[in-house]
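Throughout, protein chains are lettered first and strands after them, A, B, ... in sequence-line order, and every chain is numbered starting at 1. Every heavy atom of this structure was used, including side-chain atoms; hydrogens, water molecules and symmetry mates were not. These figures come from a predicted structure and were not determined experimentally.
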Protein chains: 2
Amino acid sequence: MRRSEIRDHLLDTALRLFNQYGYHATGIDLIIAEAGVAKTTLYRHFETKEDLILAALERRDEEDRNAMRAFVEQRTGDPVERLLATFDFLETTVRDKQFRGCMFMSAAAEHKDTVDPVFRASLMHKRLALAYFEELAHAARFAEPKRIAAEINLLHEGAVAVAQITRIAEPTREAKRMARQLLAAEERLTPPTRGGDGGERTAR
Amino acid sequence: MRRSEIRDHLLDTALRLFNQYGYHATGIDLIIAEAGVAKTTLYRHFETKEDLILAALERRDEEDRNAMRAFVEQRTGDPVERLLATFDFLETTVRDKQFRGCMFMSAAAEHKDTVDPVFRASLMHKRLALAYFEELAHAARFAEPKRIAAEINLLHEGAVAVAQITRIAEPTREAKRMARQLLAAEERLTPPTRGGDGGERTAR
DNA sequence: GCCAAACGATACAGATCGGTATACTTCTTC
DNA sequence: GAAGAAGTATACCGATCTGTATCGTTTGGC
């Protein structure tokens, strides 16, 4: 293993274990044992366990958001359908055998103080996710893109939370149906042109 | 303090600390220090820390569900309005200064294994909450009470999750608006009679 | 008022926690 | 190929974890 890969490997291992057991329950000794790395090495790359957690969350944040963007944008060009496609992306993540809930919500649950750096990192991730929804809602020319984004966001969080407890993927489909129903009743700034200005027809 | 009160006092203290710091981060030593009780005493009432957690969650489960029932049932007699009133109850809990997220979701986040007794206790609480929504949806004569209950439940979880991160109460109001919008489009088994068969008119 | 149960206080066990120190080896790079 | 950075392995530190043992004191029920 090349030297530059060790850091990535440590982050991968840590993320996997944090997801499986949680942050407090995952000890440094377990991480280095699973990564097959000496403790000295870990502490050469990360000053403290908290630093490791923060680096892991940063990595995961970028991965998640990039993956959602890529999934959604190759799925359809219509902004409304893109808003709905975010739930399909959610479904793929929930169907993963390793799914045990949103790692950022878990991080916030284990670090409840709002000034805790881990809490703030989770908050930042959620803000960025919300910003993406707002971007899509704006592109869809909804009259109140901020409110639409907040509603989509709330449905996402609800679907993931229910899936975390029930360990089934149905809540993500349910949330999508609810989103479609709600969006259908929403005002748009300009009525969508019939017959294609870049995307297919708006959601029914 | 009378003997029978010690157990209750320990549960209160433990719940408060679990809510403030989380389950793993709250040590036995802190609990007994805050409760002003000897370690021997705690272990006379609870065999292990896990037993204490389970007892605390059981207590909280009953408290929460009873409080919601009481709040909702004194608020209105109309079943649809009762479904919507559950969000008002949610708002009161979220507005509490001590609110740091749902204790059951946090418990499930820290005990992710589905066979873990703590996870199962959280799952059981969520099932009972869902059953109450179903009871209300049935009373409201919705054509698909199970689906309605699941939708209300998903909105609840979403509102609490967003409130946990943002630490504002607005998501509960937002979820209520979404619920009202969704319920208005739902079929009922028998159209509500105009002019009172026990409840006021159905939601607009 | 006696007795047993429950309490408080403290010390301790054994494990594990995050993190450091040391000594040796293996790369990478000039 | 020398030098220095980064790796491994291991021992260790002090703190903290859950849980137990000991022992003297308080208390409630008969």
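Between the CD1 atom of B:I32 and the P atom of D:dT18 there is a distance of 10 Å, given to the nearest Å. Per the geometry, CZ belonging to A:R44 stands 12 Å off C1' belonging to C:dA21, to the nearest Å. Rounding to whole angstrom units, OH of residue A:Y43 and P of C:dC17 are separated by 11 Å. Across the protein-nucleic acid pair, B:D29 atom CG and C:dC12 atom P stand 16 Å apart, rounded to whole Å. Distance A:F46 CZ to D:dA6 P: 14 Å, rounded to the nearest Å. Spacing between atom CG of A:L52 and atom C1' of C:dG19 amounts to 13 Å, rounded to whole angstrom units. The interatomic distance linking A:K49 (NZ) with D:dT16 (P) rounds to 15 Å, in whole Å.
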Query - Trace of the side-chain contact (heavy atoms from CB on, under 4.5 Å) decision for B:L155 with A:M178 - result: CA-CA 10 Å; B:L155 290 173; A:M178 295 164 73; 3.7 Å; yes

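Nearest-nucleotide positions on DNA chain C place B:T41 closer to the 5' end than the other of B:T41 and A:A25. Both B:K39 and A:I28 sit near DNA chain C, but only B:K39 has its closest nucleotide nearer the 5' end.
For the pair B:D12 and B:R59, the minimum side-chain heavy-atom distance is below 4.5 Å. Side-chain contact between B:R100 and B:R167 is present, with heavy atoms from C-beta onward closer than 4.5 Å.
A donor-acceptor contact under 3.5 Å links the side chain of A:T40 to the base of D:dA9.
Proximity note for A:A38 (side chain, C-beta onward) versus C:dG8, D:dA9, D:dA6: the nearest is D:dA9.
OP1 or OP2 of C:dC7 sits under 4.0 Å from a side-chain N or O of B:H45.
In this structure, A:H111 has its ring center closer than 6.0 angstrom to the ring center of A:H24.
Residue contacts for A:H24: at a heavy-atom cut-off of 4.0 Å it reaches no nucleic acid atom on any strand shown.
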